[in-house]
Amino acid sequence: MHPLSEKAGECARYIKEHNEALVISHIDADGVTSAAIMCKTLEREGMDYEVRFLKQLDSAALNEIADMGKQLVIFTDLGSAMTDPINALGINAVIADHHQPSGEGEYHLNPHLFGINGANELSGSGATYLIGRAMGSNRDLAGLAVVGAIGDLQDSREGRLIGINRQILEEGVEAGVLSFEPDIRLFGRQTRPIHKLLEYCSDPYIRGITGDKEGCLRFLYDLGINLKENDWRRWIDLRKDEKQQVVSGLMRLCMASGIPPYKVERLVGEVYTLLKEEEGTELRDASEYSTLLNATARYGHAEIGLAVCMGDRADAYAFAHNLQMQHRRNLSNGLNFVREEGVTTLENLQYFHARDNIQDTIVGIVAGMSASIKGVNRKLPMIALADAEDGIKVSARGTQGLVRRGLNLAVALRESAEQVDGSGGGHDIAAGATIPRGAEEKFISILNEKIGLQLGDGYE
Ligand code: C5P
Ligand code: C5P
Ligand code: ZN
């Protein structure tokens, strides 16, 4: 047995020694699916549980958790950076996380402790699933584990899930809850009219398509694709030969406008379908499902996303739907803000300060999406700042090329934040921090230096 599964088994047995648990999780799609997997597992075990969602696990939050005096606390999609204070407070804990850990601990399941990369080989929901699977017949929960991994963009490097994520996917296929196939990797295959699907294509940016409604309509007309059959046709409504026509048409356009082949290839990849969900709903597609969850959790409504994951297709689902529309608007406004304000470029990073124009809980998503904006340098990490209740929120996003050259944003952000009395962490390719108001300039300058040291003199 893989040592990671062995550790999952130990955690599972330990949880079973209790009859109640407090589940603490993170406010994003991976956090919500993690919590759902654990709650379902506990429910099936006949254990009592309570759930709390946190923006981040800091010492104030930990003190509150300790004061609740629970028999057992299960941390999912967070906790690995706080093992020392968790022990110091005497919290009886099981941790299932994938962020870069600061310590070990007896019931601590984290891929990094086994030489597995938590940025693309296993998500928080995947780690939680490994424990759930060891507790009982819970392989049907693999669907949620894949939604969490996709929500964390763990498939973005290869265009497909790899590592332990892939094993979980295969278990989900066996359990009849998941399928995967090569397809166009544009967002909204289940729900958007085709011309909208194309219009929102941002990776790669295709002139005459991206953000160009008329262009998209003309492109589809020229290919002879019918846009309507009773209703607007969605990607899932197209015949196979029509899909192939659209994909080759897009590729020709990309080539004609000089987009390098490796970027063109990103148009197609693997897509993941949740077979038990109704066709034509977001929940059928792992990527759309995860966005729906982000639309709840990042706006203080994680319990709504949780209810959807637990099976609610009535009130909670309707509410999530409404939140989703607002989330889309917020992301689009956020991108416009970056487009209009521009970014400041230093030697080793570029940054923008959104202040109160972008919420701290989604500024990271905007930072990630901003790579598609003209004028943004793909060779430098993007650092985004925004006002938060407890100071200034920092979100950082890098690229695979930079990570190969030595970039580790989790380390760079943690160390730079600590130097200005803040804290941070995350993954090599994507990380975050909170720093005191007013410390931005000093922080950015330290970070610029640290990233410079990580990248050394190497070049791509
Ligand atoms: O807190 P958590 O680990 O769930 O968040 C991971 C973050 O890293 C996500 O916001 C995801 O978008 C980002 N990420 C990324 N590129 C990757 C992997 C993760 O931007 N290749
Ligand atoms: O918030 P954002 O999406 O930018 O977070 C990127 C990654 O950094 C996530 O994995 C998140 O959990 C992590 N992070 C952290 N400490 C913080 C803020 C974010 O470890 N203070
Ligand atoms: Zn995660």
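You'll find the side chain of Ile74 reaches within 4.5 Å of the side chain of Leu42, heavy atoms only. Residues Ile365 and Met369 have side chains in contact (heavy-atom distance under 4.5 Å, counting atoms from C-beta outward). Looking at Ile95 and Tyr107, their side chains never come closer than 4.5 Å, going by heavy atoms from C-beta outward. Inter-residue side-chain proximity for Asn165 and Leu122 is flagged as met; some heavy-atom pair is nearer than 4.5 Å. With a 4.5 Å cut-off on side-chain heavy atoms, Leu455 and Leu407 count as touching.
Qualifying side chain to side chain contact (heavy atoms under 4.5 Å, CB included) partners for Asp48, counting only residues two or more places apart in sequence or in other chains: Glu20. For Lys7, the salt bridge (Lys or Arg N to Asp or Glu O under 4.0 Å) criterion is met by Glu10, not counting sequence neighbours. Qualifying side-chain hydrogen bond (donor to acceptor under 3.5 Å, both in side chains) partners for Lys40, counting only residues two or more places apart in sequence or in other chains: none. Contacts of Arg239 classified as salt bridge (Lys or Arg N to Asp or Glu O under 4.0 Å), with partners at least two apart in sequence or in another chain: Asp241, Glu242. Evaluation of the salt bridge (Lys or Arg N to Asp or Glu O under 4.0 Å) rule for Glu181 yields no partner, not counting sequence neighbours. Listed by chain and number, the residues in a side-chain hydrogen bond (donor to acceptor under 3.5 Å, both in side chains) with Asn117 amount to none (sequence neighbours excluded). Listed by chain and residue number, Thr345, Gln350, Asn377 satisfy the side chain to side chain contact (heavy atoms under 4.5 Å, CB included) test with Leu380 (two or more places apart in sequence, or in another chain).
A salt bridge between Asp360 and Lys55 is present, with a side-chain N of the basic residue lying under 4.0 Å from a carboxylate O of the acidic one. Note on Arg166 versus Glu270: salt bridge recorded, some NZ/NE/NH1/NH2 to OD/OE distance being below 4.0 Å. By the 4.0 Å N-to-carboxylate-O rule, Glu45 lies close enough to Lys16 to be salt-bridged with it. Between Asp237 and Lys228 there is no salt bridge, since no side-chain N of the basic residue sits under 4.0 Å from a carboxylate O of the acidic one.
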Report task. Decide yes or no on salt bridge (charged side-chain N to carboxylate O under 4.0 Å, His left out) for Glu282 and Arg284, but give the supporting numbers first. Result -> CA-CA 5 Å; Glu282 299 83 356; Arg284 182 91 175 170; over 6 Å; no
Report task. Just do the ring-ring contact (aromatic ring centres under 6.0 Å, His included) check on His26 and Phe53 with the steps written out, would you? Result -> CA-CA 5 Å; His26 194 208; Phe53 288 95; 9.5 Å; no
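For residues 313-327, the set of pairs meeting the salt bridge (Lys or Arg N to Asp or Glu O under 4.0 Å) definition, not counting sequence neighbours, comprises Glu277-Arg313. For the ring pair (Phe, Tyr, Trp, His ring centres under 6.0 Å) condition, no pair includes a residue of residues 248-293, sequence neighbours left out. Every pair passing salt bridge (Lys or Arg N to Asp or Glu O under 4.0 Å) that includes a residue from residues 185-200 is listed here, sequence neighbours excluded: Asp155-Arg185, Arg189-Asp285, Lys196-Glu199. Pairs passing the salt bridge (Lys or Arg N to Asp or Glu O under 4.0 Å) check and including a residue from residues 287-298, sequence neighbours excluded, read Asp28-Arg298. Listed by first and then second residue, the salt bridge (Lys or Arg N to Asp or Glu O under 4.0 Å) pairs that reach into residues 111-135 are Arg133-Glu171, sequence neighbours excluded.
Taking the six-membered ring for Trp and thresholds of 30 and 60 degrees, His98 and His427 have ring planes inclined between 30 and 60 degrees apart.
A side-chain donor from one of Tyr299 and Asn330 sits under 3.5 Å from a side-chain acceptor of the other. A donor and an acceptor atom, one from each side chain of Asp30 and Ser125, are located under 3.5 Å apart. Judged purely by distance below 3.5 Å, without hydrogens or angles, the side chains of Thr76 and Ser25 pair a donor atom with an acceptor atom. No side-chain donor from either of Asn110 and Gln100 sits under 3.5 Å from a side-chain acceptor of the other. Under the 3.5 Å distance criterion, with hydrogens and angles disregarded, a donor-acceptor pair is assigned to the side chains of Arg44 and Asn138.
No cation-pi contact links Arg139 to Tyr129, judged by a cut-off of 6.0 Å to the six-membered ring centre and 45° from its axis.
Atom NE2 of His99 sits about 8.5 Å away from atom OG of Ser80, to the nearest 0.5 Å.
Panel note: side chain Gln245, backbone Leu223; a donor-acceptor pair is recorded below 3.5 Å. Of the possible donor and acceptor atoms, one in the side chain of Asn92 sits under 3.5 Å from a partner among the backbone N and O of Gln71.
Of all heavy-atom pairs between Ser248 and Gln244, the closest is OG-O, 2.5 Å. Counting all heavy atoms, side chain and backbone alike, Ile131 lies closest to Leu109 at CG1-CD2, 3.8 Å. Heavy-atom minimum distance, Leu413 versus Ala396: CD1-CB, 3.7 Å.
Around atom CD of Glu278, no more than 12 heavy atoms belonging to other residues, nucleotides or ligands sit under 6.0 Å away.
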